[in-house]
Amino acid sequence: MSAGRAAPLPAGFYRRDALALAPALLNKVLVKGNVSGRIVEVEAYGGADDPASHAFGGRTARNSTMFGRAGLLYVYFTYGMHHCANVVCGDEGEGTAVLLRALTPLDGLDEMRARRLAARSDRELCAGPGRLCQALGIDRLLDGADLVPGSSGVAVVDDGTPPPAQPGTSGRVGITAAADRPWRFFVPGAPGLSRRSP
DNA sequence: ACCGGGATGTTCT
DNA sequence: GAACATCCCGGTG
């Protein structure tokens, strides 16, 4: 890791609701193989009454990971060509998760560039939920992967950078239902935030 | 810079 | 058949 030592997250880190986990996840580092990036933009989904959540209509084959144990990666495929990655949180069976929307690239930039031929600059490599999955090579094969380092090839670690004291917030991007809820969180001014901002 | 449309396939009605 | 937690490219100003 470029900055400081990578430490696993404390046990129980993910066992809280998405609205609480989302800002806490900012500035943690997502690692896959030799590639990593700092989490700088996320959105909370789920809970009892979130009509924008995949879990809203109940458990199906597609969203079943979202109802699983906290600390798993929920990956789904959308728009016929993009993957999106979420961190499952809360209690098992609850169906709540945090969508990873953007990373600041840290390591493995050459590998990211090779996978993201359309990116016109390094800031664009992981600037969006579909883009970051492409940059890291995350697809449905990783749906249900455990995010504890060493267990699955993909992990979230702490390199010593704390979350921002005052995260930016806004409405969630790309949805129609409950789009007004300020459940998007980001690191103000961070390189690589997603372009589409409300 | 901003905006509009097309790509592409899985999932659910 | 329609919707979709998106992205990219080509238009215009």
Side-chain angles (χ1 to χ4, degrees), chain A residues 14 17-23 25-26 30 37 39-68 70 72-90 94-105 112-145 147 154 156 167-187 191-198:
Chain A
Y14 302 105
D17 111 4
L19 270 177
L21 178 65
L25 222 35
L26 293 175
L30 180 66
I39 298 167
V40 294
E41 179 181 336
V42 298
E43 284 174 358
Y45 282 92
D49 43 60
D50 179 11
S53 168
H54 286 180
F56 185 67
R59 188 172 192 144
T60 66
R62 179 207 206 189
N63 67 18
S64 83
T65 297
M66 197 169 164
F67 290 89
L72 299 184
L73 190 68
Y74 166 46
V75 181
Y76 66 89
F77 183 69
T78 192
Y79 289 103
M81 61 190 101
H82 298 295
H83 297 275
C84 293
N86 300 254
V87 176
V88 176
C89 58
E94 189 177 349
T96 184
V98 174
L99 172 68
L100 303 178
R101 284 199 57 89
L103 311 176
T104 299
M112 291 188 189
R113 293 182 194 111
R115 294 200 187 102
R116 292 264 310 121
L117 298 178
R120 304 189 43 205
S121 74
D122 288 349
R123 300 166 55 98
E124 253 177 28
L125 287 172
C126 302
R131 290 166 170 180
L132 75 87
C133 284
Q134 190 179 13
L136 271 63
I138 292 172
D139 62 20
R140 278 168 295 181
L141 296 177
L142 283 170
D143 181 40
L147 290 169
V154 59
V156 174
T169 64
S170 80
R172 294 175 292 183
V173 176
I175 56 169
T176 54
D180 53 314
R181 299 182 193 176
W183 289 2
R184 171 174 172 261
F185 299 85
F186 56 96
V187 179
L193 292 178
S194 76
R195 199 62 178 113
R196 297 167 63 151
S197 291

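Numbered from 1 within each chain, the chains take letters A, B, ... in sequence-line order. All values below were derived from every heavy atom in this structure, side-chain atoms included, with hydrogens, water molecules and symmetry-related copies excluded.
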Partner residues of A:Ser64 under the side-chain contact (heavy atoms from CB on, under 4.5 Å) criterion, sequence neighbours left out = A:Arg59
Between C:dA2 and B:dG6 - P atom distance, rounded Å | 16 Å
OP1 or OP2 of C:dC7 sitting under 4.0 Å from any side-chain N/O of A:Arg116?
-> no
Can you tell if the side chain of A:Leu103 reaches within under 4.5 Å of the side chain of A:Leu136, non-hydrogen atoms only?
-> yes
A:Arg120 has an atom CZ; how far is it from atom P of B:dA1, in whole Å?
-> 10 Å
Tell me whether the guanidinium CZ or amine NZ of A:Arg172 lies under 6.0 angstrom from the six-membered ring centre of A:Tyr45 and within 45° of its axis.
-> yes
Rounding to a whole Å, what distance do you find between A:Ile138:CD1 and C:dT6:P?
-> 16 Å
May I have the list of side-chain donor-acceptor pairs in residues 72-90 of chain A shorter than 3.5 Å, sequence neighbours left out?
{"unit_1": "A:Tyr74", "atom_1": "OH", "unit_2": "A:His54", "atom_2": "ND1", "d": "2.8"}
{"unit_1": "A:Asn86", "atom_1": "ND2", "unit_2": "A:Tyr74", "atom_2": "O", "d": "3.3"}

With sequence neighbours excluded, residues passing side-chain hydrogen bond (donor to acceptor under 3.5 Å, both in side chains) with A:Tyr14 | none
Residue pairs, two or more places apart or on separate chains, that pass side-chain hydrogen bond (donor to acceptor under 3.5 Å, both in side chains) and touch residues 119-131 of chain A = A:Arg113-A:Asp122
Residues of residues 50-58 of chain A with any non-hydrogen atom less than 4.0 angstrom from an atom of DNA chain C: list those, numerically ordered, please.
-> A:Ala52, A:His54
Do A:Thr96 and A:Leu21 touch side chain to side chain, with heavy atoms closer than 4.5 Å?
-> no
For A:Arg116, the side-chain hydrogen bond (donor to acceptor under 3.5 Å, both in side chains) test, sequence neighbours excluded, returns A:Gln134
Are A:Val98 and A:Trp183 side-chain neighbours, meaning at least one heavy-atom pair lies under 4.5 Å?
-> no
In the 5'-to-3' direction, what one-character label does each nucleotide of nucleotides 7-13 of chain B receive under the scheme B = base within less than 4.0 Å of a protein heavy atom, S = sugar-phosphate only, - = no such atom?
-> BBBS-S-
When you match A:Leu132 and A:Thr176 each to their closest nucleotide on DNA chain C, which lands nearer the 5' end?
-> A:Thr176
Would you please test A:Asp50 and A:Arg181 for side chain to side chain contact (heavy atoms under 4.5 Å, CB included) and show each step?
-> CA-CA 10 Å; A:Asp50 179 11; A:Arg181 299 182 193 176; 4.1 Å; yes
Base-pair map of DNA chain C as dot-bracket, where | denotes pairing with a different strand and pairs are Watson-Crick or G-U under 3.5 Å | ||||.|||||||.
C:dT6 C1' sits how many Å from A:Leu99 CG, rounded?
-> 11 Å
Pairwise side-chain contact, A:Ser53 with A:Met66, heavy-atom cut-off 4.5 Å (strictly under) = yes
Please give, in whole Å, the distance from C:dT6 P to A:Leu100 CG?
-> 13 Å
Is the distance from OP1 or OP2 of C:dT6 to the nearest side-chain N or O of A:Arg101 less than 4.0 Å?
-> yes
